[in-house]
2 protein chains.
Amino acid sequence: MVEITKILKERGFKVTPQRLAVFNVLKNTKEHPCAETIYNKLLPMYPTMSLATVYKSLEVFKSIGIIQELDLGEGSSRYDANTKQHPHIHCLSCGRVEDVDNDMIYDLLDNVKARTGYNLIKQQLYFYGYCPDCQKTH
Amino acid sequence: MVEITKILKERGFKVTPQRLAVFNVLKNTKEHPCAETIYNKLLPMYPTMSLATVYKSLEVFKSIGIIQELDLGEGSSRYDANTKQHPHIHCLSCGRVEDVDNDMIYDLLDNVKARTGYNLIKQQLYFYGYCPDCQKTH
DNA sequence: ATGACTGCAAACCGTTTGCATACTG
DNA sequence: CAGTATGCAAACGGTTTGCAGTCAT
């Protein structure tokens, strides 16, 4: 809360209740919500909040580098306050998105770099399947 | 050419010049084109082709499982006649998308399976950076 | 002949933009 | 007070859909 305020000020952005609210939703969830989900969460407490403001806030956070955008091919983006690049796994039944430990991909990154000659900037690693919960009910 | 005809017939789809044309573009390129790119390639030879037909054809091919859709977060999907799941690398400067060898990810898949308990169905592994060509010109 | 396919235009949906008003610093 | 941010509504862009006419079988 204090931190985000400081970062916004340093970068010349104004500190508004809307921005703090959007950031806090992301900071306090592990569900990787999309813009609309964030908006719906905020509506009860911020009845004048608009979806456009959510998008604009997310854009500011992305530009500052304090959130990252995930595109799992669902038609809408999800957002993550964890800016460290890490793989995600998406349940094809219940739709949840979970983090996957990062430490198993370092070899892979080295291999890709060596074989392609690209200097890697980032990666998006998405796995799809059925989570343990959904496997039970099938 | 013969093959696609056979597959379409077997599945009860009609074999039309438009479908064959769309599939051939995909079959004969390595550039992972989007729908609009396919459309533009076909327009000279198929002046009445419509973008909707390209999309509808791609949808048929996806449902049959003879192409796959890639979502690199560019706003539009790309398509690949290689249906084997394999990683891709995307140049942030010139925009090209290249294949990455598949054989280096088996360990990763085993690890993800073991650690998450998911039964993996598919994955989308995208790497982003600057290709050797673009690195030279910087 | 009949039922699926094409191609046009309109609808769709997530996201972005323009602009008048409100608020931060 | 100056200038940025909000929030509404309209625009945008890729994709999908409805439908009349056409074509594959």
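Quantities reported herein were computed from a predicted structural model and do not represent experimental measurements. So you know, we letter chains A, B, ... as the sequences are listed, proteins then strands, and number each from 1.
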Measure CD/B:Glu10 against P/D:dT25 and give the value in whole Å, please. 14 Å
Atom-to-atom span, CE of A:Met49 to P of C:dA22 - whole angstrom: 18 Å
Can you pull the salt bridge (charged side-chain N to carboxylate O under 4.0 Å, His left out) pairs that have at least one residue in residues 26-36 of chain B, sequence neighbours excluded? B:Glu31-B:Lys41
Say whether A:Tyr118 and A:Ile121 are linked into one hydrophobic cluster, either directly or through other cluster members, by side-chain heavy-atom distances under 4.5 angstrom. no
Note: B:Glu59-B:Lys62 ion pair, threshold 4.0 Å (strictly below): yes
Need to verify one output field. Residue with the more 5' nearest nucleotide on DNA chain D, B:Glu36 or B:Phe13? B:Glu36
Minimum side-chain heavy-atom gap A:Asp80-A:His88 below 4.5 Å: yes
Of B:Lys14 and A:Ala35, the one whose closest DNA chain C nucleotide lies more 5': B:Lys14
Measure CZ/A:Arg11 against C1'/D:dA5 and give the value in whole Å, please. 19 Å
Whole angstroms only, please: what is the CZ-C1' distance between B:Arg19 and D:dC23? 12 Å
Can you tell me the distance, in whole Å, between the OH atom of A:Tyr46 and the P atom of D:dG7? 11 Å
D:dA5 OP1/OP2 closer than 4.0 Å to side-chain N/O of A:Gln18: no
If you assign B:Leu51 and B:Lys9 each to the DNA chain D nucleotide with the nearest heavy atom, which residue ends up on the more 5' nucleotide? B:Leu51
Which residue lies toward the 5' end of DNA chain C, B:Gly12 or B:Tyr39, if each is placed at its nearest nucleotide? B:Gly12
What's the closest nucleotide to the A:Lys56 side chain, out of D:dT6, D:dC19, D:dA24? D:dT6
Integer-rounded Å distance: C:dC8 P and B:Leu43 CG: 10 Å
Counting only non-hydrogen atoms, which of residues 61-80 of chain A are less than 4.0 Å from DNA chain C? A:Gly75, A:Ser76, A:Ser77
Can you tell me how far the CG atom of B:Leu70 sits from the CG atom of B:Asn82, to the nearest 0.5 Å? 9.5 Å
Using whole Å, report how far CG of A:Leu8 lies from C1' of D:dA5. 12 Å
Give, for atom CZ of B:Phe127 and atom CG of B:Leu125, the distance between the pair rounded to the nearest 0.5 Å. 5.5 Å
Distance, rounded to the nearest Å, where A:Leu42 contributes CG and D:dG7 contributes C1': 14 Å
In terms of side-chain heavy atoms of B:Ser50, which of D:dC8, D:dA5, C:dG7 is nearest? C:dG7
Distance check: side-chain N/O of A:Thr48 vs OP1/OP2 of D:dT6, anything under 4.0 Å? no
Reckon B:Thr53 has a side-chain N or O less than 4.0 Å from the OP1 or OP2 of C:dG7? yes
Is B:Asp103 paired with A:Arg115 through a side-chain N to carboxylate O contact shorter than 4.0 Å? yes
